[in-house]
Amino acid sequence: MNYWLFKSEPDAYSLDDLKNDKGRRTHWDGVRNYQARNFMRNMAKGDLGFFYHSNCEEPGIVGIIEVCREAYPDHTAFDPRDKHFDAKSNPEEPRWFMVDVRYKRRLKRPISLRELKEYADSRLTDFALVRRGNRLSVLPVTKRHWDFIVGLES
DNA sequence: GCCAACGTTGGC
DNA sequence: GCCAACGTTGGC
């Protein structure tokens, strides 16, 4: 099993939004970055992910979600009215993919980016999230890092 | 293939 | 709202 991190702006889509969605699940559409897309194509059913709130008052990890459907074409790329429309993608040769994720649980407390950065030079070296300039919306998390971060919870 | 211009992300 | 860090685009 592999571990991941999914970023979302809570104003646009928060952990509560996921929890309140039908079946507590959603499709993770709108990713338009090749590296992030490749990560999604590597995801397997049952993989776990952190739900990260970005671009907000206190950016940080707030919950845990699970991949419940593996990568399939992101149909929002085909819709000219969609914000993430991409004329270069089409159903015959889709360029962008998405996975479905399901709410698992909220962390006992949010683990802020500020707190995670305290470990950037020790327990969380090479964790992409705490490296400068990282803008990937989907990124892998090693088991070592995953376990350490979950351990910060309590 | 280089690189300047441009658009986006996201912390602060 | 600012701006640094990137990724992408397109002229040459």
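Per chain, numbering begins at 1; letters A, B, ... match sequence-line order.
Contact between the side-chain N/O atoms of A/Lys83 and the OP1/OP2 oxygens of B/dT8 is not found at any separation under 4.0 Å. In this structure, A/Lys7 reaches the B/dG10 phosphate: one of its side-chain N or O atoms is under 4.0 Å from OP1 or OP2. Contact annotation: A/Tyr52 side-chain N/O to B/dT9 OP1/OP2 distance is not under 4.0 Å. Distances shorter than 4.0 Å separate some side-chain N or O of A/Lys88 from OP1 or OP2 on C/dT9.
Classification of the A/Phe39-A/Trp4 ring pair by plane angle, with boundaries at 30° and 60°, yields tilted.
Atom CG of A/Leu136 and atom P of B/dT9 are 12 Å apart (whole Å). In this structure, the CZ atom of A/Arg32 is 20 Å from the C1' atom of B/dC6, given to the nearest Å. If you take CG of A/Leu139 and C1' of B/dT9, they are 13 Å apart, rounded to a whole angstrom. When the P atom of B/dT9 is taken as reference, atom OH of A/Tyr34 falls 15 Å away, rounded to whole Å. At whole-Å resolution of the value, CD1 in A/Ile61 and C1' in B/dG10 are 16 Å apart. Taking atom CG of residue A/Leu129 and atom C1' of nucleotide B/dG10, one finds them 11 Å apart after rounding to whole Å. As rounded to whole Å, 15 Å separates atom P of C/dG7 from atom CZ of A/Arg37. For the pair A/Glu9 CD and B/dG11 C1', the computed distance is 12 Å after rounding to whole Å.
Comparing A/Asn55 and A/Asn33 along DNA chain C, the residue whose closest nucleotide (by nearest heavy atom) sits nearer the 5' end is A/Asn55.
The side-chain heavy atoms of A/Asp21 and A/Tyr13, taken from C-beta on, include a pair separated by under 4.5 Å.
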Chi angles and distances behind the side-chain hydrogen bond (donor to acceptor under 3.5 Å, both in side chains) call for A/Tyr3, A/Asp147: CA-CA 10 Å; A/Tyr3 301 92; A/Asp147 290 341; 5.0 Å; no

Step-by-step side-chain hydrogen bond (donor to acceptor under 3.5 Å, both in side chains) determination, A/Ser14 to A/Asp17: CA-CA 5 Å; A/Ser14 68; A/Asp17 290 329; 3.3 Å; yes

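The side chain of A/Arg132 lies closest to C/dA4 when the candidates are B/dC12, C/dA4, B/dT8. Residue A/Gln35 places its side chain closer to C/dG7 than to any other of C/dG7, C/dT8, B/dG11. Comparing B/dT8, B/dG11, B/dG10 by their nearest atom to the side chain of A/Arg135 picks out B/dT8.
Using modelled atom types, one finds a donor on one side chain and an acceptor on the other under 3.5 Å when comparing A/Tyr72 with A/Asp100.
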